[in-house]
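Okay, structure first, notes after.
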Number of protein chains: 2
Amino acid sequence: MIDPYEKFQRFCIAAGLKSSKPREKVAQLFLSSQEHLSVFRAYEKLKEQGENIGYSTVYRTLNLLVKAGLAETITYQGETYYENKAANLHHDHLVCNKCGKTIEFSCASIERLQTAIARKHNFQVQSHSLILYGLCKDCNKEKKAKQ
Amino acid sequence: MIDPYEKFQRFCIAAGLKSSKPREKVAQLFLSSQEHLSVFRAYEKLKEQGENIGYSTVYRTLNLLVKAGLAETITYQGETYYENKAANLHHDHLVCNKCGKTIEFSCASIERLQTAIARKHNFQVQSHSLILYGLCKDCNKEKKAKQ
DNA sequence: ATGTTTGCAAACCCTTTGCAGGCCC
DNA sequence: GGGCCTGCAAAGGGTTTGCAAACAT
């Protein structure tokens with residue numbers, strides 16, 4: 001299993017792209033991060049690190065990472081989040097409708113069922129997204145307290 | 001089990017809304033449709049029917065249907081699709097990355113597992129979205145033919 | 001030198017909002 | 001007639017693109 005960052009570099013070379021510091025920084029930030037990064041968060045984090053990298057570059061690099069097969073996107077409330085495909089092999093999400101918190105989980109049984117369903121439809125799965133929306137522990141408690 | 005359209009009317013009354021033809025038309029179109037409607041498609045279909053209803057009204061009505069619990073939204077490639085919650089009790093989706101076609105399926109076993117996971121996290125599920133992305137039968141065949 | 005990358009600003013797309021006139025009750 | 005509804009146009013938020021200057025090879 002090769003290093004994701006190396007995989008990204010190889011992808012760039014294969015695509016005829018030149019190397020550049022801003023792109024490296026964005027890719028490294030993303031690949032070393034465990035959470036789902038929105039473009040905004042990525043931009044902020046880079047700024048905190050003293051890097052002054054424009055939004056367009058962040059966008060362009062994150063989209064490159066998707067093309068390279070290293071990232072996946074999920075959309076939540078109109079915003080796109082990029083998630084590291086290499087880090088945790090697979091995880092799905094519980095998203096709280098009230099506070100927006102996300103909890104990750106993974107379930108091999110669900111994965112197996114998904115594979116079975118796809119096969120039944122002659123469908124070749126490339127990625128998937130499973131999100132359960134509702135109220136998290138805390139927000140649910142609050143709600144009950146009010147009643 | 002009451003008629004979804006009646007449920008919508010009751011919801012409107014309860015919310016202190018007056019009735020209006022444009023809203024009725026949009027709601028009826030949506031509730032009698034089996035597919036996932038984008039705002040654009042809904043707008044077009046209404047136009048085909050000779051109705052001249054503005055985008056805002058379509059948006060407002062579809063969002064009302066969500067509030068009424070009759071519709072759910074899924075986001076695909078930056079566009080929001082509204083889906084009839086009453087029609088098929090539950091279905092998840094296979095979405096082709098190439099031609100965009102969506103295939104519906106439902107799987108009680110997956111639903112059960114989801115419930116179990118949510119309980120484990122003290123999470124109260126309100127809705128969920130499961131999408132498998134990949135290549136449909138036809139696009140997959142094409143791809144193989146080219147090789 | 002040639003071609004790619006960058007940051008900025010402008011353009012873009014989908015969605016929401018403000019508003020004047022119209023419709024419902 | 002008061003208040004909600006409509007359609008239009010304008011604003012809004014996130015994302016992409018055009019461009020001139022900077023950079024890599």
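Lettering follows sequence order; numbering is per chain, from 1.
A sub-4.0 Å separation between OP1 or OP2 of D:dT25 and a side-chain N or O of A:S19 is present. Between B:S20 and D:dT6, a side-chain N or O to OP1/OP2 separation shorter than 4.0 Å is present.
Smallest separation of non-hydrogen atoms from A:L130 and A:D92: O-CB, 3.4 Å. Shown here for A:L113 and B:S109, the closest heavy-atom pair between the two residues is CD1-CB, 3.6 Å.
The pair A:R41-A:E44 counts as a salt bridge, with a side-chain nitrogen and a carboxylate oxygen less than 4.0 angstrom apart.
Residue A:R23 contributes atom CZ, which lies 15 Å from atom C1' of D:dA22 at whole-angstrom precision. If you measure from atom CD of A:E51 to atom C1' of C:dG7, you get 14 Å, rounded to the nearest angstrom. Distance, B:L62 CG to D:dC5 P: 15 Å, rounded to whole Å.
Relative orientation of the B:F105 and A:H121 rings is tilted, given thresholds of 30° and 60° on the angle between their planes.
Listed by first and then second residue, the side-chain hydrogen bond (donor to acceptor under 3.5 Å, both in side chains) pairs involving residues 51-66 of chain B are B:N63-B:Y82 (not counting sequence neighbours).
Put simply, the side chain of B:L70 does not reach to within 4.5 Å of the side chain of B:K85, judged on heavy atoms. Under the 4.5 Å side-chain criterion, counting only non-hydrogen atoms from C-beta, A:L64 is in contact with A:L17.
Hydrophobic clustering (ILVMFWY, side-chain heavy atoms < 4.5 Å, transitive): B:L37 and B:Y81 are in distinct clusters.
Scanning residues 10-18 of chain B for heavy-atom distances under 4.0 Å to DNA chain D yields B:G16, B:L17, B:K18.
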Across nucleotides 8-17 of chain C, 5' to 3', mark each nucleotide with B, S or - according to how protein heavy atoms within less than 4.0 Å reach it. BB----SBBB
